[in-house]
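Okay, so here's the structure we're looking at.
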Amino acid sequence: MSESVLIAPSILSADFARLGEEVRAIDAAGADYIHIDVMDGHFVPNLTIGPGVVKALRSHSQKVFDVHLMISPVDPYIDAFADAGADIITVHAEAGPHTHRTIQSIKALGKRAGLSLNPGTPASAIDEVIDEIDLILVMTVNPGFGGQKFISSQIKKIAEIRQRIDDSSRQIALQVDGGIDQTTAKLVVDAGANVLVAGTASFKGGPDSYADNIDRLRVSP
Ligand code: DX5
Ligand code: ZN
């Protein structure tokens with residue numbers, strides 16, 4: 001696979017007191033997607049932002065808003081994130097019993113649907129919905145916080161999912177999230193990933209560093 005890898009900086013590592021400015025800066029630095037981590041203090045042990053903040057940020061960038069919902073239940077909130085301006089809505093396979101229904105509701109709103117797998121969830125969790133989804137997100141940390149250590153056992157799972165995507169005739173993005181830096185970026189891209197989420201590695205050093213930070217993550221397989 002030789003197409004270019006997309007970089008999705010996670011604004012979880014941005015300065016929350018200046019979020020609009022941070023989104024403009026990371027957009028100008030070359031971000032492909034703006035990755036927005038939504039946490040509920042229930043599905044994951046942290047609380048972040050809701051649809052009101054996504055809506056407020058929408059006018060600050062025309063880039064794809066890639067909304068990663070780490071919340072349970074998720075169904076009651078899909079409409080609100082779609083209305084707020086999400087382009088991709090990713091939900092967790094572990095967040096509830098009705099993943100298929102949730103994906104249908106995201107698609108019915110005209111949005112791209114993503115399915116995320118925690119480190120303890122096997123690749124086979126995508127098998128019954130692979131015909132419906134636009135993106136698969138492999139978590140390489142346990143979700144909840146930025147700045148955690150990359151879990152290398154997930155590389156095998158990324159390769160397994162790459163095989164499943166290639167075996168399907170569908171265009172499905174393979175995204176990886178958690179502990180991505182210049183070194184781990186190479187490992188996951190070699191395994192078949194083509195969209196890299198990076199919080200710490202994108203926002204370190206402040207706005208003057210963002211363009212270099214993003215360039216360093218654009219590794220080739
Ligand atoms: C973790 C979030 C990630 C996080 C990544 O639960 O889903 O998007 O911001 O942060 P880094 O890149 O610092 O591991
Ligand atoms: Zn995320």
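Note that ligands are numbered from 1 as they come in the structure, with each ligand's atoms numbered from 1 the same way. Keep in mind that what you see is a predicted model, and the values were worked out from it rather than measured. Along the sequence shown, residues carry numbers from 1. Keep in mind that the numbers below use all heavy atoms, side chains included, and drop hydrogens, waters and symmetry copies.
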_Could you go through Q154 and M139, starting from their C-alpha distance and side-chain angles, then the distance that decides it, and tell me whether this counts as side chain to side chain contact (heavy atoms under 4.5 Å, CB included)?_
CA-CA 8 Å; Q154 299 306 297; M139 291 303 302; over 6 Å; no
_If you apply the rule side chain to side chain contact (heavy atoms under 4.5 Å, CB included), what do you find for K204 with N213, and how did you get there?_
CA-CA 8 Å; K204 69 180 179 196; N213 291 347; 3.7 Å; yes
_Chi angles and distances behind the side chain to side chain contact (heavy atoms under 4.5 Å, CB included) call for I49, F16_ = CA-CA 10 Å; I49 62 175; F16 270 27; 4.1 Å; yes
Under 4.0 Å from a heavy atom of [X]: give me the atoms of ligand 1 that qualify, with their elements.
X: V197; value: 8 (O)
X: H35; value: 8 (O)
X: M70; value: 6 (O), 7 (O)
X: M39; value: 6 (O)
X: D37; value: 2 (C), 3 (C), 4 (C), 7 (O), 8 (O), 9 (O)
X: D177; value: 2 (C), 3 (C), 4 (C), 5 (C), 7 (O), 8 (O)
X: A198; value: 12 (O)
X: H68; value: 7 (O)

Closest protein heavy atom to [atom], given as residue, atom name and distance to 0.1 Å:
atom: atom 10 (O) of ligand 1; answer: G146 CA, 3.5 Å
atom: atom 13 (O) of ligand 1; answer: T200 OG1, 2.5 Å
atom: atom 6 (O) of ligand 1; answer: G144 N, 2.8 Å
atom: atom 9 (O) of ligand 1; answer: S10 OG, 2.9 Å
atom: atom 14 (O) of ligand 1; answer: G179 N, 2.8 Å
atom: atom 12 (O) of ligand 1; answer: G199 N, 2.7 Å

When you measure from the Zn ion (ligand 2) to each N, O or S atom of [X], which atom gives the shortest distance?
X: D177; value: OD2
X: H68; value: ND1
X: D37; value: OD1

*Do the side chain of S72 and the main chain of A95 share a donor and acceptor less than 3.5 angstrom apart?*
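Answer holds: yes.
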*State whether the side chain of N118 and the backbone N or O of P143 hold a donor-acceptor pair below 3.5 Å, judged by distance alone.*
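Here the side-chain-to-backbone pair does not exist.
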_Over 60° means perpendicular and under 30° means parallel, so tell me whether H68 and H92 are parallel, tilted or perpendicular._
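It falls in the parallel class, under 30°.
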_Are more than 12 heavy atoms, taken from residues, nucleotides or ligands other than K55, located less than 6.0 Å from that residue's NZ atom?_
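No, because the 6.0 Å sphere around NZ of K55 holds 12 heavy atoms or fewer from other groups.
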*With respect to T90, which candidate in L69, V38, L135 satisfies the side chain to side chain contact (heavy atoms under 4.5 Å, CB included) definition?*
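Of the listed options, the one satisfying the test is L135.
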*For ligand 1, does P143 get within less than 4.0 Å through its side chain, its backbone, both, or neither, judged by non-hydrogen atoms?*
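For P143, the contact with ligand 1 is made by both the backbone and the side chain.
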*Ion pair check, D212 and R216, cut-off under 4.0 Å*: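 The answer is no: the pair does not qualify as a salt bridge.
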*Any N/O of V141 closer than 3.5 Å to an N/O of ligand 1?*
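No; every N/O pair is 3.5 Å or more apart.
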_If we only consider heavy atoms of F145, is any one of them less than 4.0 Å away from an atom in ligand 1?_
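Judged by the 4.0 Å heavy-atom criterion, F145 does count as contacting ligand 1.
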*Does any donor atom in the side chain of D75 or H98 lie under 3.5 Å from an acceptor atom in the other side chain?*
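D75 vs H98: no donor-acceptor pair found between side chains.
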*Determine, stepwise, if the pair R164 / D127 fulfils side chain to side chain contact (heavy atoms under 4.5 Å, CB included).*
CA-CA 8 Å; R164 283 167 156 85; D127 286 349; 2.7 Å; yes
*If you look at every heavy atom in Q182 and L217, which pair is closest and at what distance?*
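In this case the closest contact between Q182 and L217 is N-CD2, 3.9 Å.
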